[in-house]
Amino acid sequence: MKFGKKSKKNIWKSAKKIGLALFVLFLVANMNRIRPTSSAFSDTETSAGNTMTAGYWVPELSMNYTPPSPDGDNSFWKTAPCVSLSAKIGSDDATLSDVDIYYNFSNSDDPTSSDNLYTGACIPIPDGNPTQFQAIALNHQNHDWKSNVVSGQFKVDTVCPIVKITNPDDNKTLNGSVEVRGTVTDANPDHFWLVVENSSGTKVAGPGTVNDSTSFTNKKFFDWDTTTVADGNYKIKLEARDQAGNKCPNQSSDPNNPNDSVDWIDVKVENRPTVRAGDVVINEVMWMGSQKDDGTSYAEDEWIELRNTKSYAIDVKNWNIYGTKKGGHYEISGGSSVLIPGGGYLLISDKDRDDSRIDVAPDFTNNNLDFENDYADHGQIILKNKDGLTIDETPNPSSSDHDWPAGLNDTHVRWSMERNNDPSSGWHTCNPTAMTTDQLDRMKNYWDGNARLYNCGTPGHANLSKNDPSEKDIEEFLGTEEKDAAVETPPVGNNDAEVVAEEKPVIVQKEFDIKLSGKLDIPEGFLAETDQKMKKIELSGEEKVINDLKNLEIDLSKIKIEKAGKIEILVSDLNLPKDADLVTAKKDDTVVLITVTEKPKEEPKKEEIKKVDADLPKADSPKEDEEKDDSADGAGGSEEGSGSSPKSVDSATP
């Protein structure tokens, strides 16, 4: 059968419609296998008034994490956040059979099917500062259908710092200077805390809190000078926190764990061997009181000084000094320790600095100091340690020993009793005339400006008298600081011309005769002859002071002859009037030269001896002077009130 062209064309059109209809029926039969989504691409066809749509859908991905916000310091998570992921297709939740979710910890590359596959379990974020997390969901039917990338940035630090004291070792016995070293390691360090505590929990050394954002190994923290503390048990503590606030254990409950943020060790300090007799000595006693330049006596202005003869500090807490008054004793007490540094001194005074004539702050003030002028009546002074061992003592007097072993209490003379630098060799009297000019100026600095003429003593400092038989050892006991002070301390008594000009007083210049007064103390077997090398000096000062002055006196009663030789009286020894300063001294600084010679075996002619004495005015007797002193003090013998307790001394050097 043949068809015409028109029939062929109609048949071809019908075949095309039948094929398209069959394709549409196939799609409709499989529609339940494709889920709708909010994102779709579609192809439509209309047949017999019906419109058919075919589509595919892209997943939507979201994430959640717990804890929902940082739980540490500085926006850190101390607890690792746990991330959960979920997807939707259209309006319905997608299961892991519908989508494949992949994630990574990259700052740049999007997740792909080659990265970690999400299994539904919470994903912990690892430590990092910061850590980047990102994920993507792919349609299981076609990985080309994929969601947008979700991401988050986290600062996570779940690890505590690890610390270790690397030096000294635990339970080590220490002495001298000790390096304290340690290690702190952490990803994000913030600060550490380092102290040394005594058995009472009081800090005695260490920097405390130190901000440090670096890790370090065996770092030197500081040098601990253990000689500044008393012997005993101590604890060195090192702890650290990181920027997130981690410290394990937080309550320091297990300081011996080797892998945490706390390390405490116990050490023992033994700088000093057992204290023995002579390690600390009674070095100086002002048993006679003091006197002002105007002659006013202060019988109760007394003090006693101890000296440490060792090179290391000695703790004298709870030691007792017997004989600080007749039949009484004084206990040295204060803080956790009372240390006398190596070669150093401890001063106990009846009066404090303001109420006494000394211009030195005592380490302790004890208003009960009371030394009898009669040594036999007073009795010896004994120093005992806390265990009752006698460490030092003055000589035991007999009933006839009315004079102290040394020291002088005479007319205008208040000279202390000083220990020889070799303590076993005895005592000597502080003697200003036996000092060099520099020594004399130094000694005067220890006294008030109105009490420098008649007092001799070195409270809280090394003895200076030349008549100490062990003078060659003085430098051994003078520390660098004291030697420097001796060089830098300006002379006392004569201000230089620049100071006078700066104060702008009325300046006059005038020459004054020098007058000798008092009687030389010349023991039997000696002769003394004076040679007035210089008769006049020039002074500057306020006119009313200068005009009121008729002469300058040299009190020879202060000079005690002990051996043959020459004694020079210097301009600086003169009692210059208030506001008057030396301008020039004719010839040299020597005003009077006294030559002392041994008395020849043949008795000199009496008229010659009489001539020497005749040149010197007679001084008042000691008895008369003491009566004047007592009346100046008043009925009670003291111008001050009574009763202040000893001051407290902590672990620092007294």
With Val285, the side chain to side chain contact (heavy atoms under 4.5 Å, CB included) member among Thr324, Leu369, Ile381: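 Of the listed residues Thr324, Leu369, Ile381, the side chain to side chain contact (heavy atoms under 4.5 Å, CB included) partner of Val285 is Ile381.
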Under 3.5 Å, side chain of [X] to main-chain N/O of [Y], donor-acceptor pair present?
X      : Y      : result
Asn167 : Arg181 : no
Glu418 : Gly457 : no
Ser215 : Ala187 : no
Asp71  : Thr79  : yes
Thr226 : Val269 : no
Asn308 : Tyr312 : yes
Asp127 : Thr158 : yes
Asn455 : Ala451 : yes

Give a yes or no on whether the ring-centroid distance for [X] and [Y] is below 6.0 angstrom.
X      : Y      : answer
Phe192 : Phe216 : yes
Phe133 : Phe154 : no
Phe364 : Trp303 : no
His461 : Tyr446 : yes

Could you check if a side-chain atom of [X] sits within less than 4.5 angstrom of a side-chain atom of [Y], using non-hydrogen atoms only?
X      : Y      : answer
Pro189 : Asp242 : no
Asn271 : Asp231 : yes
Ile321 : Leu306 : yes
Leu138 : Tyr102 : yes
Trp427 : Asn420 : no
Ile304 : Met286 : no
Glu239 : Ser261 : no

Residues [X], [Y]: salt bridge by 4.0 Å N-O rule:
X      : Y      : answer
Lys351 : Glu300 : yes
Asp279 : Lys310 : yes
Lys219 : Asp212 : yes
Asp448 : Arg357 : no
Lys220 : Asp223 : yes
Lys268 : Glu270 : yes

Test side chain to side chain donor-acceptor pair (under 3.5 Å) on Thr436 and Asp438 and set out the steps. CA-CA 5 Å; Thr436 65; Asp438 289 342; 5.4 Å; no
Working to the nearest 0.5 angstrom, can you tell me the gap between Tyr234 OH and Ser199 OG?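 Rounded to the nearest 0.5 Å, the OH-OG separation comes out at 7.5 Å.
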Any chance you could lay out the salt bridge (Lys or Arg N to Asp or Glu O under 4.0 Å) test for Arg353 and Asp359, step after step, and finish with the verdict? CA-CA 6 Å; Arg353 184 174 191 164; Asp359 194 17; 3.1 Å; yes
Give the C-alpha distance, both sets of side-chain angles, the deciding distance and a yes or no for side chain to side chain contact (heavy atoms under 4.5 Å, CB included) between Asn246 and Asp157. CA-CA 8 Å; Asn246 292 307; Asp157 188 345; 3.7 Å; yes
Side chain to side chain contact (heavy atoms under 4.5 Å, CB included) assessment of Asn171 paired with Val267: CA-CA 5 Å; Asn171 296 313; Val267 294; over 6 Å; no
With salt bridge (Lys or Arg N to Asp or Glu O under 4.0 Å) as the test, pick out the partner of Asp392 among Lys384, Arg276, Arg419, Arg307.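 Of the listed residues Lys384, Arg276, Arg419, Arg307, the salt bridge (Lys or Arg N to Asp or Glu O under 4.0 Å) partner of Asp392 is Arg419.
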Between Ser356 and Tyr298, is the side chain to side chain contact (heavy atoms under 4.5 Å, CB included) condition met? List the steps. CA-CA 9 Å; Ser356 70; Tyr298 297 89; over 6 Å; no
Evaluate the ring planes of Tyr322 and His329, with Trp represented by its six-membered ring, and classify them as parallel (under 30°), tilted (30 to 60°) or perpendicular (over 60°).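 Judged by the thresholds at 30° and 60°, the geometry between Tyr322 and His329 is parallel.
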What do the steps show when you test Ile265 against Asp169 for side chain to side chain contact (heavy atoms under 4.5 Å, CB included), and what is the final call? CA-CA 8 Å; Ile265 66 170; Asp169 295 332; over 6 Å; no
Honestly, is Lys237 close enough over Trp264, meaning NZ or CZ under 6.0 Å from the six-membered ring centre and within 45° of the axis?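 Yes, a cation-pi geometry holds between Lys237 and Trp264.
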